[in-house]
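These notes are about the structure you will find just below.
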Amino acid sequence: MERSPHPFFKVEHLRKNFGGVLAVYNVSFELRQGEFLGVIGPNGSGKTTLVNLITGFVKPTSGKIFFKGKKITGKKPYTIAGLGIARTFQMVRLFYNLPAYKNLIIPLCSSRVKRLRGGRYGEKDDEAIDLLDDMGFERDSRVPYKDVGSLPHGYLKRLDLARAMALRPDILILDELFSGMSMSEVASTLPLIEKFNREGLTIIMIEHRLKELFRVVDRVMVLNFGEKIAEGTPDEVMQEDEVKKAYLGIDVEIPPREAV
Amino acid sequence: MSLLIYGLINSVILALYTVGFSLTYGISGLANFAHGALYILSGFVAWSLMNAAGLPFAVSGILAVLITAAIGFAFYWVLILRVRGIPLAELIVTFAAGVAILELMTWKGFYGLRYSLPVFVNGGVEIAGVGIDYQRLIVLASGLVLVIGLWLFVHHTRIGLAFRAMAQNERTALSIGIESDWIGALSLAFGAALAAIAAMVVLPLGVMESTIGYDVLIYALAVAIVGGLESTLGMIAGSFLIGYGQIAAARYIGAKWMVIVPLAAIVFVLSVKPSGIFGKFKELEERV
Amino acid sequence: MTKQEGYRKKRLDRGIKARSDTLFAVASWKEILYLMIPRFLPVAVLLLLPLFLGNYWNKVLVYACIYGLLALSWDFLASCGLFSLGQSLFFGVGAYIAGGLNYYFHLPPLITIPIATIAGGILCSALLTPVMRLRGVYFAMVTLILPLLLMKIIETTGVFGGTQGLSSLSGFPHEMLSIYIAVVGFLACLFLFRRIINTDYGLILRAIRDDDRSVMSGGINIYWRKSQALFIAGAAGGFAGALMTHHYQFLGMSVFALDYSILPVAAVALGGQGTFAGAAIGSMLLVPLSEALRALGGLRVAIYCGVLIVSIILLPEGFFHYLARKYHQFEKVVKIG
């Protein structure tokens, strides 16, 4: 791939205080296109705030974020989503009184999707069903047509993922996608995410399940009390004393990364 | 000089109009659109006590404040409680109740010259060449006392602290044994009492009319919008901006342009900083 | 609650089983009628009614349609989460545009009404766009206060005729024409809004009401969408105002009065929010009722407020939802045993 003068995605000295509380302090990192970054850290270490800062839901106190060389700090959430940074929510934000596939209509109506489709919207309902089929909502079953309120939790998480993917993003940010999922649901969702990454999607994944995370990511960033305390490959990161301290008591066995 | 003094008085009157509305909203998140109706209702209660029961103004004034507070309290338990938590329904119920009170009073014939409250002290004084009657000085003083008293109350009494806890986080407040409905009802009672106190000091300046209720509501909303809800400082800033603006407009352009000032202030503030001068509107920010 | 023995009510679905939003599996004439009667009967009645009513009740019908338009416009805004207390703003702006054009430039009603509709929509959405960024009571507060202030300004500065108003405006060439413009406009608005809210476009508006952050994360500019909704609602209100002006052939500052804000809200609260049919039913019930109460003068407004409070507390779902349930289900008393 041709290296452009700008990094694909870059965060510079990002900082956010809520009142007197430092939620994110002086965090900087870069992403190459197609990279898979994991973000870990104990509860309250500022991971979700970082996601909110990147996606524009929270305005940073100081610091800059660049995407494809353009500054996106201070832009509105929908503008940032329109540029191609999609996210899932830790607590899923879906519309419970709509059928599952209708939830995907919202991103499919965005101007980004229209632009990527060459200036026109397609058959949105069909497209939504296609997307859900990819996520494991069997097309021929009644699941995609059921009201979201009647679906089990694992489906909701995958629906939220489908909602983010419907935007055809360049960067996908997963905020604790696996929280609340059963082992088998995680096992069936993980390959999907790996597939997106293989197809060239840049992914930032925030996760508590380190075992699963370490199997798929290229690089890990560790946050503690809003500060970046380590960055590197999973093996490197887990060797650092500070990380061990932050994760005191958690013994992590790092599985070998599977050949792709 | 007279501009300065009259502007100050006008601003304090506006602040008095707003303080009850803003207190209720700050504590329980309830926008009491019946605020103006409670204001003028207390005036008529005081008048009735004086003229029908023959009580002196001091006694009937205090009784009117207490009765209005009780009305506010009952209003919460009887009506608001049933729709609490549904913003749309809260809005409609308070607004409809306010309009119903005002229209009933108009229908009952509560307007005309014979309805007025007496001033506390007759006469006036000259300050720096500007004549001011004592009542307006009382308005100034009571405005000052109210704001300071409110601050002390909210920051240094048990119930005041419970109010603040409620305003910050309802669930946590509930979990440490502060009962939300009592606080809600009390907040409405206090808001109503403040409206009544404002009425007792401001109404003697003129004739009472039920339509004043609408004006009070309009001004209270205008001040709250311009200054920013939930912010005492904003309330003060909003009343001073509109208060001085009105007096200045009356002086330099013409008295009839006074009414344009709140509108112009609202349009200006909305286009520059929609949440008001001191508005801290954080709702769009998602916390961790 | 005392222990009840013996009987209880059981609810059964009367409807066609394969009922869905867009698709009907219809097997017989009976089922077609079952589906069509609630839709077509009221329309037919409304269209035929002007031919049978006298002069006075025809006027009432026009008022009902005008208030109905305002109620629809309120309901449309509420569908995307904007709760207004000032439908009279839309109404008054439309009325003053139409009246002003007619009075100063002598344009006929058939030109002023469309202009007032479009320009009123644009003006209202421009005026209220900054407020949409704020949620909660702000929108209600600002919409409540704007028409009242505009009224005061007209009163004190005397623009557009001041308290005297503008009189001897031109009316419609034919009495029946004005009635039918109101009725058809009202019905068209009703069906248009029902159609809009069920398309993907309307789905996004409803989604903004439920969770604006989720919609934003889908790359949708919610403020632009809300402005569009404001334009649509403002245009409906402006149309109603323009219609009223030419119907009365008079324009006064009372178009900004609280009546035009409260009655539509009362109508929606009575009829039920979110379906537009509820708004329509509510105004068709309330306006004739208020005409019957005309003798009471100012007390009428107090009565609307009473209706509003009682219906919100006792029948929060509204009349329409209640009727729809009764139509689609039947109850029978069964023995417990």
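First the proteins, then the strands, lettered A, B, ... as listed; each starts at 1.
In C:R206, the CZ atom is crowded: over 12 heavy atoms of neighbouring residues, nucleotides or ligands sit closer than 6.0 Å. Within 6.0 Å of atom CH2 in C:W224, 12 or fewer heavy atoms from other residues, nucleotides or ligands are found, so the atom counts as exposed in its surroundings.
Of all non-hydrogen atoms in C:C305 and B:A96, the two that sit nearest each other are CB-O, 3.2 Å. Considering all non-hydrogen atoms of both residues, B:I218 and C:I145 come closest at O-CD1, 3.2 Å.
No other option in C:T157, C:L146, C:L148 has as many heavy-atom pairs under 4.5 Å with chain B as C:T157. If you tally non-hydrogen atom pairs under 4.5 Å between each of C:L150, C:I262, C:I313, C:L85 and chain B, the highest count goes to C:L85. For the set C:T129, C:I303, C:V307, C:L308, the count of heavy-atom pairs under 4.5 angstrom toward chain B peaks at C:L308. Most heavy-atom pairs under 4.5 Å with chain C: of the set B:L104, B:I101, B:I260, B:V93, this distinction falls to B:I260.
By the 4.5 Å heavy-atom criterion applied to side chains, C:L258 and B:F95 are counted as neighbours. Side chains of B:L217 and C:L144 form a contact here, defined as non-hydrogen atoms less than 4.5 Å apart. Using a 4.5 Å cut-off on side-chain heavy atoms (C-beta onward), B:D215 and C:K152 make contact.
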So C:V142 and B:L221, side chain to side chain contact (heavy atoms under 4.5 Å, CB included) or not? Walk me through it. CA-CA 8 Å; C:V142 175; B:L221 291 182; over 6 Å; no

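Heavy atoms closer than 4.5 Å to chain B are found nowhere in C:L127, neither backbone nor side chain. Residue contact with chain C, scored on non-hydrogen atoms closer than 4.5 Å, involves the backbone and the side chain of B:L79 alike. Both the backbone and the side chain of C:I153 have a heavy atom closer than 4.5 Å to some heavy atom of chain B.
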